[in-house]
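Below is one structure, written out as structure tokens; comments come after it.
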Amino acid sequence: ADIKKRALIYHRKQSFKELQIPTESRSYPLYVSVEKEGSLALLSDMPTTLNGIDKAIDMYLRKGHIGKTQEQQLLEDRELRNFTMVLSKLVENDAFCKELIVVETQGYKQTELGIIPEDWEVQSFSQVFDMYPNNTYPRDCMNDDHGTIRNIHYGDVLIKYPTVVDVDKCSIPYLNEGIKIKTQKFVQSGDVIIADTAEDETVGKSVEIKNAINAKIVAGLHTFFCRPIRTFAIGWFRYYLNSSNYHNQLLPYITGIKVSSISRGSIQETKLLVPPVAEQQAIAEALNDIDGLIAVLDKKIAKKRLIKQGAMQELLTGKKRLPGFSDPWVEKKFSDLYRYASEGGTPDTNNIRFYANGDIPFVKIEDTETKYIESCNSFITSEGINNSSAWIVPVNSIIYTNGATIGNVSINKIPVATKQGILGIIPSSIINLEFMYYLLLSQNFKREVDSRQAKGTFATIILKSLDEILIYLP
């Protein structure tokens, strides 16, 4: 394999000698070098993990050519970096090894954000961005039709906008005529707007501004208005600031119970990876190409969903009956469809006892994007349950999002608790669980929900409003 050959060349250049030590599980040798004067002995070994990298990459990429492609090289570099990072962590966490072992990497360096290329930098948020004042006008101070100054609201950053706001393409609301803005500093192309408040850990989501030439646009309620101090590649921040590599740094700073937020001072303490501008551009372009491929697949999936929605519309309304069924359908209210239903709640995020070593799966919006919930990324403790409005939703219930993101439907295959804005619904005996799942996804039901929503910073619909929706059951 290529890595083995490179290791062998290194051993020869360093005058290492091969030493074969037969064992039941090891068929390859060690390499040793002993100083002529002194008692220092150097031992070189090829870990089993690294021995298989080249073969695994060849199998994954179906190699059918001579030489190594750029994709193969990138995968190999990534695996070597991952190996080095894990090794460094293991050494760092062992007091004995920490004093004796130095992990050296060619072309890379150890930083507070892990091992990074030598020509990359780690800079604080305040070294990268200047921060400017935002305004605090709510939704009722805006409209979608006319005005002079447009306003980027944090709710749109969280839900409506992609990670780049193209001023020529995105619908940005206007401030109503007569409203005096507190700051006349308008956003420019390359600026970053960050939502400092959300109902969950999506706080910190950011958008990068594009094509804002001569545009009069201001940063609105609950946003950080950030302008890069020096030149960065267009598109770099839309990917990096929304990556887990950066966003995970925000989690310890998030405060609040029902509403999560992060302060200006806290975000300025975070650190950013800064590659050379040319590499930023290359990375952004590569990720943008991937986004393009995903968009094409999304269009194909959307077409299939339309076919499915058409079938659901026919079958769930009784307009089309399956063979063998002719009994009349009966009218019910949504409240007749469940034995018990209630929103959940979020335990105080500042109390570590409610979260540390928790074993109760805690459903958030991102967990409701699949039909079945079989695992969760977050957990809370029994003490967290007892000190909040969260409750244990039994297996084979309906999980329905009714706050901010409305209309996600899942079936939980494990007992779970949910945050506020997510209903747990235990079906009654008059309705089949799978039928109820598709019923809540139907266009008829969604129209009824839309007409009953309470509009505000975030749209919501309370259980009492859902209860009055009329349902026809076979």
Exercise. What's the shortest heavy-atom distance between S124 and L272, and which atoms?
Worked result: C-CD1, 4.3 Å

Exercise. Should the pair W329 and F435 be assigned to parallel (<30°), tilted (30 to 60°) or perpendicular (>60°) ring geometry?
Worked result: perpendicular

Exercise. With side chains defined as the heavy atoms from C-beta onward, is the minimum distance between W391 and S388 less than 4.5 Å?
Worked result: no

For this session: Compute the centroid of each ring, for W236 and then for F232, and state whether the two points are separated by less than 6.0 Å.
Result: no

For this session: Could you tell me which residues satisfy side-chain hydrogen bond (donor to acceptor under 3.5 Å, both in side chains) with S342, sequence neighbours excluded, listed by chain and number?
Result: none

Problem set entry | Nearest atoms (heavy-atom pairs only) where G235 meets Y239 | O-CD1, 3.2 Å

Problem set entry | Check: F237 ring centroid to F129 ring centroid under 6.0 Å | yes

For this session: Enumerate the residue pairs fulfilling salt bridge (charged side-chain N to carboxylate O under 4.0 Å, His left out) with a member in residues 345-357, sequence neighbours excluded, ordered by first and then second residue.
Result: R353-E383

Exercise. What's the shortest heavy-atom distance between I267 and F125, and which atoms?
Worked result: O-CB, 3.2 Å

Seminar exercise, completed: By ring pair (Phe, Tyr, Trp, His ring centres under 6.0 Å), H222 pairs with (sequence neighbours left out) Y154

For this session: Locate the shortest heavy-atom distance separating V164 from C170; write the atom from each residue and the value.
Result: O-SG, 4.3 Å

Exercise. Are R139 and D156 within salt-bridge range, i.e. N to O under 4.0 Å?
Worked result: yes

Problem set entry | Under 3.5 Å: donor-acceptor pair, side chain of D467, backbone of F334 | no

Seminar exercise, completed: Value for OG1 (T381) from CG (N351), rounded to nearest 0.5 Å, stands at 8.0 Å

For this session: Return yes if a side-chain donor-acceptor contact under 3.5 Å exists between Y438 and K308, otherwise no.
Result: no

Exercise. Do other residues, nucleotides or ligands put more than 12 heavy atoms under 6.0 Å from D140 CG?
Worked result: yes

Problem set entry | Heavy-atom donor-acceptor pair, D336 side chain to K333 backbone, under 3.5 Å | yes

Exercise. Sub-3.5 Å donor-acceptor pair from the side chain of Y137 to the main-chain atoms of N176, do we have one?
Worked result: no

Exercise. At their closest point, which heavy atom of K413 faces which heavy atom of Y372, and how far apart are they?
Worked result: CD-CD2, 3.6 Å

For this session: Examine the side chains of N377 and E366 and answer whether a donor and an acceptor come within less than 3.5 Å of each other.
Result: no

Problem set entry | side-chain hydrogen bond (donor to acceptor under 3.5 Å, both in side chains) partners of Y132, counting only residues at least two apart | none

Exercise. Does Y437 have any ring pair (Phe, Tyr, Trp, His ring centres under 6.0 Å) partners at least two apart in sequence or in another chain, and if so, which?
Worked result: none

Exercise. Is R264 salt-bridged to E269, going by a charged N under 4.0 Å from an acidic O?
Worked result: no

Exercise. Does R238 pair with D291 as a salt bridge, N-O distance under 4.0 Å?
Worked result: yes

Exercise. Any salt bridge (charged side-chain N to carboxylate O under 4.0 Å, His left out) pairs touching residues 209-233, not counting sequence neighbours?
Worked result: E121-R230, D191-R227

Problem set entry | Flag, side chain of K364 to backbone of C376, donor-acceptor distance under 3.5 Å | no

Exercise. N386 side chain to S382 main-chain N or O, any donor-acceptor pair under 3.5 Å?
Worked result: yes

